[in-house]
2 protein chains.
Amino acid sequence: MSTGPRAVTIGDVARAAQVSTTTVSKVINGLPRVAPKTRERVLEVVAELGYQANPTARNLRAGRTDAIGLLVPELDRPYFGQLATRLADALEPTGRHLVVQRSGLSRADELAAASFARLRMYDGVIITVVGLNPPDLEQLNFRTPVVLVGERPLPRTFDHVMMDNVEGAATATAHLLERGSRRIVMLGGRQGTTEQDMPTLRTLGYYKAHARLGVPLDERLVAPIPLLDMASGYAAVRRLADDGVTFDGIVAATDVVAIGALRALGDLGIRVPADVQVVGFDNIDETEFTTPRLTSVDPGNEEIAATVLRFLESRMAAHASGEPEAASEPTAEVTIPARLVVRESTRPA
Amino acid sequence: MSTGPRAVTIGDVARAAQVSTTTVSKVINGLPRVAPKTRERVLEVVAELGYQANPTARNLRAGRTDAIGLLVPELDRPYFGQLATRLADALEPTGRHLVVQRSGLSRADELAAASFARLRMYDGVIITVVGLNPPDLEQLNFRTPVVLVGERPLPRTFDHVMMDNVEGAATATAHLLERGSRRIVMLGGRQGTTEQDMPTLRTLGYYKAHARLGVPLDERLVAPIPLLDMASGYAAVRRLADDGVTFDGIVAATDVVAIGALRALGDLGIRVPADVQVVGFDNIDETEFTTPRLTSVDPGNEEIAATVLRFLESRMAAHASGEPEAASEPTAEVTIPARLVVRESTRPA
DNA sequence: TTGAAAGCGCTAACAG
DNA sequence: CTGTTAGCGCTTTCAA
């Protein structure tokens with residue numbers, strides 16, 4: 001198999017400029033000890049031939065790529081887009097850049113494995129663990145510094161920044177209970193599983209709040225949905241209504257699900273927050289622009305991004321300095337506190 | 001500078017398994033001509049040492065990365081997230097995967113240049129040209145197959161898939177005019193510039209529709225905004241109202257801007273579509289879930305993604321086969337037809 | 001100031 | 001079936 005039309009290499013430039021590749025290398029990297037005339041000639045040839053260094057070769061040689069990989073379950077979820085933006089912004093001044101890849105929520109393990117293998121080529125890796133099997137992660141065995149960000153407790157092989165799903169959801173639920181809701185749907189909730197995934201944890205908070213406030217709970221109000229997207233949120237609320245389930249509050253597993261729910265309530269002629277109060281989770285930018293504006297749990301998005309990068313920088317520094325003990329240094333695990341942002345989809349106190 | 005704790009290499013495995021690196025290579029790549037016993041021994045060592053091939057070295061050697069790069073202006077825009085998802089889905093069966101990077105809308109040229117240089121390491125590159133200076137693109141000189149996707153006519157150095165901004169916006173505007181609007185705001189519009197950027201082109205369509213239907217147009221209704229985001233859309237509508245500008249229709253430059261506008265209209269007590277009709281552009285998934293649901297121009301999203309990949313595959317095939325004439329093959333430029341999707345934010349005929 | 005040579009980790013001819 | 005060797009394109013001692 002041909003590799004296609006050969007690209008211009010440093011050797012081509014060297015030949016054309018009648019110098020060694022060493023000299024060309026120095027010129028294109030702005031290193032000293034090159035005669036001005038030589039530099040000039042090389043630059044001319046570079047321009048003429050349109051030479052650009054092959055980043056792969058450079059990376060192999062340098063042992064680093066100056067790139068940080070971010071693995072997200074899906075590329076079209078506002079939450080991850082906004083997380084990626086925060087990370088990219090913070091990374092920019094460091095001279096590194098962010099590269100985003102999708103792991104695929106429920107794809108074959110094979111695929112997940114491939115995703116992981118490819119991450120090896122980054123200097124550091126941030127993995128959002130939503131929807132990944134812990135087994136996949138344990139297999140994940142490479143020297144590259146890794147920070148996990150997500151919601152579920154995990155084997156502590158890596159630094160891990162967690163959002164406080166349980167308390168966040170408990171706060172949200174308590175808020176609805178305090179504002180008078182008594183039959184609250186846990187939309188996108190999950191129960192009866194041993195898995196500690198995000199829906200399960202948020203559902204746990206929902207239970208806790210009821211217990212704390214001594215409000216009885218109808219298990220039929222826990223409404224699982226297949227995907228945490230708008231369409232599923234919409235469909236689930238319509239179904240509840242069709243089934244004649246009565247409710248006066250909704251805790252949505254995510255803001256995106258809540259947006260679907262709001263649309264369904266609108267179609268059903270149910271007023272928010274007068275008839276049904278709604279609270280979301282994630283505090284994505286969209287919450288400010290829904291009708292009505294969505295009360296939501298902010299999992300500490302700014303702090304999550306900052307903490308992830310702090311951990312990563314620290315691991316990378318240790319890694320770069322070659323500290324052998326870096327690998328065995330105990331992994332950090334922090335839970336970022338969540339905070340309720342009250343907007344219009346819940347009633348005033 | 002140390003490169004950090006040395007990773008396990010193929011050489012380490014070879015040594016431990018008492019074979020050559022060739023044999024190890026064959027084993028990990030599943031190639032034939034390895035004795036079962038040898039294979040087994042190698043695999044044991046691989047597992048024991050936790051060896052994983054260095055993708056950078058492999059890429060350098062192979063001359064390809066099996067990765068397609070996608071350059072987007074921002075990581076948190078629904079439109080690009082949804083485009084990325086379409087592309088990633090379509091790419092999956094081909095054994096290649098998508099890698100997303102941000103160009104940064106209005107960042108320094110330096111940064112754009114850096115982004116481009118890094119794209120060299122992909123087998124193919126898809127660049128969304130919103131907000132990129134054509135000069136940047138002309139400098140873009142590498143052998144990697146490139147397809148441009150975006151809205152503005154460009155020097156035809158590359159294959160280019162365009163959306164029909166002018167006709168799309170004209171259709172949207174005509175729709176409002178036909179449904180009775182007479183004072184239509186072009187929200188996020190732009191005029192009086194020679195640049196052929198997206199806001200300008202969509203504004204052009206807005207003008208065209210007025211001309212075609214013989215409806216006079218108040219230039220003060222073209223409302224530029226700094227950023228095409230929800231907050232700017234919101235602020236602009238509030239400002240128009242504060243300034244006492246009267247209007248009975250809004251053509252928003254993008255759906256995201258329209259979402260901000262809807263929220264502002266709600267706050268102002270203006271009914272949609274009874275008092276003011278609103279139409280967006282992009283047909284992002286969110287349009288189905290706004291209140292009211294947003295009428296929008298679908299620029300042909302499915303077809304855009306499919307066409308981009310068709311072009312790219314074709315370029316990549318030519319490139320891989322080493323056809324020298326591949327480079328000089330004329331570039332394709334197609335405009336995908338746009339189509340109006342009528343929802344609830346505009347009145348029935 | 002310049003260049004020769006080694007080598008990053010891997011794969012592919014080619015011998016044996 | 002296995003190993004030796006060369007080399008992907010680049011950077012970096014080290015010597016000249």
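All values derive from a computational prediction rather than experimental measurement. Residue numbers begin at 1 in each chain, while the letters A, B, ... track the order of the sequences.
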In whole angstrom, what separates [X]'s [atom1] from [N]'s [atom2]?
{"X": "Ile10(B)", "N": "dC10(C)", "atom1": "CD1", "atom2": "C1'", "value": "6 Å"}
{"X": "Arg61(A)", "N": "dC10(C)", "atom1": "CZ", "atom2": "P", "value": "16 Å"}
{"X": "Leu31(A)", "N": "dT1(C)", "atom1": "CG", "atom2": "P", "value": "13 Å"}

Testing the basics here: between [X] and [Y], what is the closest heavy-atom pair and its distance to 0.1 Å?
{"X": "Thr128(A)", "Y": "Pro73(A)", "answer": "OG1-CD, 3.1 Å"}
{"X": "Arg58(B)", "Y": "Ala53(B)", "answer": "NH2-CB, 3.3 Å"}
{"X": "Asp159(B)", "Y": "Thr331(B)", "answer": "OD1-CA, 3.3 Å"}
{"X": "Tyr122(B)", "Y": "Ala67(B)", "answer": "CB-O, 3.4 Å"}
{"X": "Gly124(B)", "Y": "Leu312(B)", "answer": "CA-CD1, 4.2 Å"}

Salt bridge or not for Arg102(B) and Glu92(A), using N-O below 4.0 Å?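 Counted as a salt bridge, because a side-chain N and a carboxylate O are separated by less than 4.0 Å.
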Looking across every strand, which nucleic acid part, if any, lies under 4.0 Å from Asn29(B) by heavy atom: base, sugar-phosphate, or nothing? sugar-phosphate
Under 4.0 Å, heavy atoms only, any strand: does Arg58(A) hit a base, just the sugar-phosphate, or nothing? sugar-phosphate
Which two nucleotides bound the region of DNA chain D that has atoms under 4.0 Å from heavy atoms of chain B, read 5' to 3'? dC1(D) to dG9(D)
With nearest nucleotides of DNA chain D determined for Leu60(A) and Lys26(B) from heavy-atom distances, which residue corresponds to the more 5′ nucleotide?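 Mapping each residue to its closest nucleotide by heavy atoms, the 5'-most match is Lys26(B).
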Between Glu74(A) and Tyr79(A): side-chain donor-acceptor atoms closer than 3.5 Å: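 No, no side-chain donor-acceptor contact under 3.5 Å.
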Looking only at side-chain N and O atoms, does Thr65(B) offer a donor or acceptor that is under 3.5 Å from a partner on Asp123(B)? yes
Going by number, which of residues 13-24 of chain B have a non-hydrogen atom under 4.0 Å from DNA chain C? Thr21(B), Thr22(B)
Below 4.0 angstrom, which residues in residues 35-43 of chain B have at least one non-hydrogen atom near DNA chain C?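 Result for residues 35-43 of chain B: none.
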